[in-house]
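Index from 1, following the sequence. We use all heavy atoms of the structure for the numbers below, so side chains are in, but hydrogens, waters and symmetry mates are not. Computed from a predicted model, the values in this text were never measured in an experiment.
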Amino acid sequence: MARSRAKKEEGENIFQALELLEQEMHIPVDYMIEKISGAIKIALKKSNNGNDDITVRIEPENNVFSVFIRKKVVEEVVDSGREVLLDVALKNDPCAEIGETVAIKQDPKQFGRIAAQTAKHIIHQGIRDVEKGQVMEEFQSRHQELVTATVDRINPENGDVMVKIGNYDVLLSHNEQVGNEHFEVGDLIKVYVVDVKSGEREPRPTISRTHPGMVKRLFETEVPEIFDGTVEIKAVSREAGSRTKIAVWSNDENVDPVGACIGPRGSRVSKIVDELGGEKIDIIKYSDDLSEFIAKALSPADVTNVEIIDEAAKSCRVTVPSSQLSLAIGNKGQNARLAARLTNWKIDIRSEEDVKAEREAAALAESEAEAAETDEPAVDDIIENEDVSTEEAVSEAEDATAEAETEE
């Protein structure tokens with residue numbers, strides 16, 4: 001009676017453990033029952049010379065946990081994995097006879113050390129697989145989204161930061177941080193979920209604070225008109241920590257997209273600038289007119305002309321006032337680079353003075369070429385202007401030859 005009670009309590013403990021796994025780690029009981037059953041079958045098969053005629057019953061609702069392996073009843077056991085003596089068989093089946101196959105109930109405590117280790121390993125692997133799947137599902141649902149993370153650990157050697165997102169630890173590498181940022185343990189920071197890939201041991205989410213998508217999500221958070229679709233973000237180009245250009249468009253002619261993003265007294269954009277550590281943000285109005293869009297992309301510089309050079313190669317030439325050339329190019333070419341990325345066009349920037357000089361040089365070269373063509377006489381003209389015709393010249397030559405022969 002005491003032994004039966006102990007087994008019952010043991011079974012109840014297993015089911016309680018399964019319930020705790022489901023509550024704390026969100027691992028379904030049915031999934032773990034499947035894993036445990038598979039682990040037990042593999043373990044018993046290995047310890048019974050490959051005999052796989054095994055039945056595992058796990059019924060949480062009835063508190064049933066039992067394991068049976070079918071063996072042939074024999075007078076003398078040669079293969080202990082597949083054969084059993086009659087007296088042992090009779091304990092499991094009172095009607096057992098020599099030559100029959102009976103189900104022998106197994107005591108989990110008697111599985112053996114190797115079998116127990118095998119079962120333990122497979123169960124742990126099942127738990128890891130579930131956790132891996134949960135992480136994948138969690139971050140795939142947040143793919144390309146903005147999330148709040150808590151700084152948990154900072155590596156002083158390489159600058160990498162380990163943050164917590166929900167119950168998960170995620171690495172924010174030094175390369176994905178803005179150069180002038182400084183974090184403290186416990187800080188709440190915004191990060192952008194770039195991607196999540198399945199690693200060998202666990203999923204590897206990639207998070208960033210430098211990705212252009214982060215700026216886009218920040219504007220969606222701060223600007224209601226973007227969130228509800230009235231204003232669209234058409235393009236973003238960014239050099240993290242320094243400057244960002246964002247092109248916006250309004251689907252309502254009564255709503256100014258640039259003004260909506262800036263907000264009353266700059267309140268909306270200032271929050272984003274603060275979140276990005278003082279990064280400058282140029283907000284421009286998108287246009288379907290390519291020349292107009294390219295001109296606006298070079299803001300704050302004024303553009304006087306945009307010439308499309310090669311539409312297939314997406315290259316153009318932009319003319320700006322001489323006083324605006326350095327502004328259009330920007331510090332170390334930054335403004336020109338960001339404009340090119342925003343429009344996805346190659347932009348050659350020239351000053352009005354340079355363009356004027358090039359046109360004058362081209363006109364002079366053309367004029368000189370025309371003059372050279374005018375000064376060179378044509379062959380027909382030379383022939384027409386000769387005092388003696390070609391026929392007369394030939395005749396005179398023939399007469400001179402005849403006279404020379406007579407004198408000889």
Engineer: I'd like to know if the side chain of Glu220 reaches the main chain of Phe227, judged simply by a donor and an acceptor atom lying under 3.5 Å from each other, with no hydrogens or angles considered.
Structural biologist: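 Checked: no pair found.
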
Engineer: Would you say Asn251's side chain and Glu232's backbone share a donor-acceptor pair under 3.5 angstrom?
Structural biologist: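 Answer holds: no.
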
Engineer: Mind checking whether Arg238 and Met214 have side chains closer than 4.5 Å, heavy atoms only?
Structural biologist: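 Yes. Closest side-chain heavy atoms under 4.5 Å.
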
Engineer: If you count every heavy atom of other residues, nucleotides or ligands that lies below 6.0 Å from Gln144 atom CD, does the total exceed 12?
Structural biologist: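 More than 12 within 6.0 Å, yes.
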
Engineer: When you compare the side chain of Asp169 with that of Lys164, does any pair of heavy atoms fall below 4.5 Å?
Structural biologist: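 A side-chain contact exists here, since the closest heavy-atom pair is under 4.5 Å.
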
Engineer: Just by distance, no angles: are the side chains of Thr230 and Asp228 close enough, under 3.5 Å, to form a donor-acceptor pair?
Structural biologist: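 Yes, a side-chain donor-acceptor pair sits under 3.5 Å.
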
Engineer: Can a donor-acceptor pair be found, under 3.5 Å and without considering hydrogens, that links the side chain of Ser351 to the backbone of Ser322?
Structural biologist: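 No; zero donor-acceptor contacts below 3.5 Å.
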
Engineer: I need the Ile283 CD1 to Thr244 OG1 distance, nearest 0.5 Å.
Structural biologist: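 So the gap between those two atoms works out to 10.5 Å.
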
Engineer: Can you find a heavy atom in the side chain of Val231 that is under 4.5 Å from one in the side chain of Val223?
Structural biologist: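 They are not in side-chain contact.
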
Engineer: Please give me the minimum heavy-atom distance between Gly81 and Ile69, naming the atom from each residue.
Structural biologist: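 Residues Gly81 and Ile69, closest heavy atoms: O-CD1, 4.2 Å.
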
Engineer: Say you draw a straight line from CG of Asp195 to NE2 of His211; how long is it, rounded to the nearest 0.5 Å?
Structural biologist: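 With rounding to 0.5 Å, CG (Asp195) is 9.5 Å from NE2 (His211).
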
Engineer: When rounded to the nearest 0.5 angstrom, what distance separates CG in Asp160 from CD in Gln177?
Structural biologist: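 If I round to the nearest 0.5 Å, the distance is 7.0 Å.
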
Engineer: Does Asp52 use its side chain to pair, donor to acceptor, with the backbone of Lys45 at less than 3.5 Å?
Structural biologist: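 No: the side chain of Asp52 does not pair with the backbone of Lys45.
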
Engineer: Name each donor-acceptor pair under 3.5 Å that joins a side chain in residues 253-271 to protein atoms two or more places apart or in another chain, with its distance.
Structural biologist:
unit_1	atom_1	unit_2	atom_2	d
Asp256	OD1	Val258	N	3.3
Asp256	OD2	Gly259	N	3.1
Ser267	OG	Pro264	O	3.0
Arg268	NH1	Glu225	OE1	3.0
Arg268	NH1	Ala260	O	2.7
Ser270	OG	Gly266	O	2.9
Ser270	OG	Ser267	O	2.8

Engineer: Does a donor on one side chain sit under 3.5 Å from an acceptor on the other, for Lys190 and Thr148?
Structural biologist: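 Yes, Thr148 and Lys190 have a side-chain donor paired with an acceptor closer than 3.5 Å.
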
Engineer: Just by distance, with hydrogens left out, do Thr319 and Glu352 show a side-chain donor and acceptor under 3.5 Å apart?
Structural biologist: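 Side chains of Thr319 and Glu352: no pair found under 3.5 Å.
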
Engineer: Of the options Leu86, Val84, Leu90, which is the one that meets Val88 in a side chain to side chain contact (heavy atoms under 4.5 Å, CB included)?
Structural biologist: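 Considering Leu86, Val84, Leu90, a side chain to side chain contact (heavy atoms under 4.5 Å, CB included) with Val88 is found only for Val84.
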
Engineer: When you measure from the side chain of Gln324 to the backbone N and O of Pro321, does any donor-acceptor pair fall under 3.5 Å?
Structural biologist: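 It does not hold such a pair.
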
Engineer: Are any of the side-chain heavy atoms of Leu188 and Thr150 separated by less than 4.5 Å?
Structural biologist: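 Heavy-atom side-chain distance check passes, below 4.5 Å.
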
Engineer: Pairing donors with acceptors under 3.5 angstrom, does anything connect the side chains of Glu176 and Thr206?
Structural biologist: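 Result is no, nothing qualifies.
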
Engineer: So how far is it from Leu298 CG to Ile347 CD1, rounded to the nearest 0.5 Å?
Structural biologist: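 Going from the CG atom of Leu298 to the CD1 atom of Ile347 covers 5.0 Å.
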
Engineer: Do Leu327 and Asn335 pass the side-chain contact (heavy atoms from CB on, under 4.5 Å) test, and can you show the C-alpha distance, the side-chain angles, and the key distance before you say yes or no?
Structural biologist: CA-CA 8 Å; Leu327 186 62; Asn335 195 57; over 6 Å; no

Engineer: Does Thr343 form a side-chain contact (heavy atoms from CB on, under 4.5 Å) with Lys314? I'd like the steps, not just the answer.
Structural biologist: CA-CA 10 Å; Thr343 60; Lys314 289 190 172 182; over 6 Å; no

Engineer: Please lay out, stage by stage, how Glu239 and Arg341 fare under the test salt bridge (charged side-chain N to carboxylate O under 4.0 Å, His left out).
Structural biologist: CA-CA 11 Å; Glu239 292 191 359; Arg341 293 174 195 166; 3.6 Å; yes

Engineer: Considering only heavy atoms from C-beta outward, does the side chain of Leu290 approach that of Trp345 to under 4.5 Å?
Structural biologist: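 Sidechains of Trp345 and Leu290: in contact.
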
Engineer: Pick out which of Lys71, Lys46, Glu83 makes a side chain to side chain contact (heavy atoms under 4.5 Å, CB included) with Asn51.
Structural biologist: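 So the option named by the test is Lys71.
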
Engineer: Between the main-chain N or O of Phe68 and the side-chain N or O of Arg57, is there a donor-acceptor pair closer than 3.5 Å?
Structural biologist: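 Flag not set: sc Arg57 to bb Phe68 has no pair under 3.5 Å.
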
Engineer: Would Lys197 and Phe139 count as a side-chain contact (heavy atoms from CB on, under 4.5 Å) if you check the C-alpha gap in whole Å, the side-chain angles of each, and the deciding distance to 0.1 Å?
Structural biologist: CA-CA 10 Å; Lys197 296 180 180 179; Phe139 285 96; over 6 Å; no

Engineer: Who are the side-chain hydrogen bond (donor to acceptor under 3.5 Å, both in side chains) partners of Ser242, not counting sequence neighbours?
Structural biologist: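 Residues passing side-chain hydrogen bond (donor to acceptor under 3.5 Å, both in side chains) with Ser242: Gln334.
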
Engineer: Please test Val147 against Ile207 for side-chain contact (heavy atoms from CB on, under 4.5 Å), starting from the C-alpha separation and ending with a verdict.
Structural biologist: CA-CA 9 Å; Val147 299; Ile207 58 176; 5.6 Å; no

Engineer: NE2 of His143: more than 12 outside heavy atoms within 6.0 angstrom?
Structural biologist: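 Above 12, so yes.
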
Engineer: Evaluate the side-chain proximity of Ile104 to Val102: yes if any heavy-atom separation is below 4.5 Å, no if none is.
Structural biologist: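 Yes, side chains in contact.
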
Engineer: Do Val215 and Tyr192 come close enough that some side-chain heavy atom pair is under 4.5 Å?
Structural biologist: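 They are not in contact (no side-chain heavy atoms under 4.5 Å apart), so the answer is no.
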
Engineer: Roughly how far, to the nearest 0.5 Å, is the CD atom of Gln106 from the OG1 atom of Thr55?
Structural biologist: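 If I round to the nearest 0.5 Å, the distance is 10.5 Å.
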
Engineer: Measure the CD-OG distance between Glu59 and Ser66 for me, rounded to the nearest 0.5 Å.
Structural biologist: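 Here the interatomic distance stands at 7.5 Å.
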
Engineer: Answer yes or no: is there a side-chain heavy-atom contact under 4.5 Å between Ile189 and Glu181?
Structural biologist: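 A side-chain contact is absent here, since even the closest heavy-atom pair is not under 4.5 Å.
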
Engineer: Starting from the C-alpha separation in whole Å, work towards a yes-or-no answer on salt bridge (charged side-chain N to carboxylate O under 4.0 Å, His left out) for Lys356 and Glu353.
Structural biologist: CA-CA 5 Å; Lys356 182 179 179 181; Glu353 185 178 333; over 6 Å; no

Engineer: Around atom NZ of Lys72, are there more than 12 heavy atoms from other residues, nucleotides or ligands closer than 6.0 Å?
Structural biologist: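 Atom NZ in Lys72 is not crowded, with 12 or fewer foreign heavy atoms closer than 6.0 Å.
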
